[in-house]
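Note that these values count all heavy atoms, side chains included, but never hydrogens, waters or copies made by symmetry.
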Amino acid sequence: MAGEVLRAAESDVRWAKRPSRRNPARTNYAQLLEDVCRAAKDGEGPIILAASSIDVRHWACLSRLMIMNEPALLERIHPRYLHELDCPQAVAMMQLWFQDVTGRSPAVRSWRHAREGVSYR
């Protein structure tokens with residue numbers, strides 16, 4: 001199971017780095033983050049993404065990356081706890097994946113650290 005979850009997360013990172021179909025000048029991740037941040041400003045309650053905006057298979061990894069990018073999103077999007085993505089070794093991998101996708105360090109170490117108010121900045 002752990003191997004499957006990590007392989008899926010690696011696939012998510014590859015998807016995140018690809019050009020967006022809507023705007024090829026941006027990555028899928030950048031487009032998704034923009035969409036989620038816009039939805040966070042426009043409404044209340046949890047953000048429910050339209051089926052066309054993201055493949056649900058990517059949510060476990062990408063929701064974590066988005067919260068590592070914008071910790072305030074934790075109030076609006078909720079990753080499901082997965083030991084395979086939330087253990088210390090996987091958190092270290094998520095940090096490397098974040099840097100690979102965005103080209104910079106995350107604002108918080110993990111989505112769980114965002115909940116605890118622990119920040120890198």
### Message
Arg14 vs Asp100, test: salt bridge (Lys or Arg N to Asp or Glu O under 4.0 Å). Steps then yes/no.
### Response
CA-CA 10 Å; Arg14 285 191 300 276; Asp100 190 30; over 6 Å; no
So which heavy atom on [X] is nearest to which on [Y], and how close?
| X | Y | result |
| --- | --- | --- |
| Arg109 | His113 | NH1-CE1, 3.1 Å |
| Leu74 | Ala114 | CD2-C, 3.8 Å |
| Thr27 | Ala16 | CB-O, 3.3 Å |
| Gln99 | Arg104 | CG-O, 3.1 Å |
| Leu6 | Glu84 | CD2-O, 3.6 Å |
| Leu62 | Asp12 | CD2-O, 4.3 Å |

Would you mind reporting whether [Y] and [X] have side-chain heavy atoms less than 4.5 Å apart?
| X | Y | answer |
| --- | --- | --- |
| Arg26 | Pro19 | no |
| Pro106 | Asn69 | no |
| Met66 | Ile77 | yes |
| Val13 | Cys61 | yes |

Between atom [atom1] of [X] and atom [atom2] of [Y], what is the distance when rounded to the nearest 0.5 Å?
| X | Y | atom1 | atom2 | answer |
| --- | --- | --- | --- | --- |
| Leu32 | Ser63 | CG | OG | 9.5 Å |
| Asn23 | Asn28 | CG | CG | 10.5 Å |
| Arg64 | Leu73 | CZ | CG | 14.5 Å |

### Task
Kindly work out whether a path of hydrophobic side-chain contacts (I/L/V/M/F/W/Y, heavy atoms less than 4.5 Å apart) joins Met68 to Val5.
yes
### Query
Would you say Ile67 and Met93 are hydrophobically clustered, going by side-chain heavy atoms of ILVMFWY under 4.5 Å?
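Per the 4.5 Å side-chain linkage, Ile67 and Met93 are co-clustered.
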[X] side chain vs [Y] backbone, donor-acceptor pair below 3.5 Å:
| X | Y | value |
| --- | --- | --- |
| Tyr29 | Leu65 | yes |
| Arg115 | Trp111 | no |
| Thr102 | Phe98 | yes |
| Asp86 | Leu82 | yes |

### Task
Check the pair Leu85, Val91 against side-chain contact (heavy atoms from CB on, under 4.5 Å), reporting the backbone distance first and the verdict last.
CA-CA 7 Å; Leu85 290 179; Val91 167; over 6 Å; no
### Task
Carefully, step by step, assess Cys37 and Glu70 under the rule side-chain contact (heavy atoms from CB on, under 4.5 Å).
CA-CA 9 Å; Cys37 287; Glu70 295 287 337; 4.1 Å; yes
### Task
Go through Arg38 and Glu34 one step at a time and tell me if the salt bridge (Lys or Arg N to Asp or Glu O under 4.0 Å) criterion holds.
CA-CA 6 Å; Arg38 185 179 307 115; Glu34 179 183 305; 2.6 Å; yes
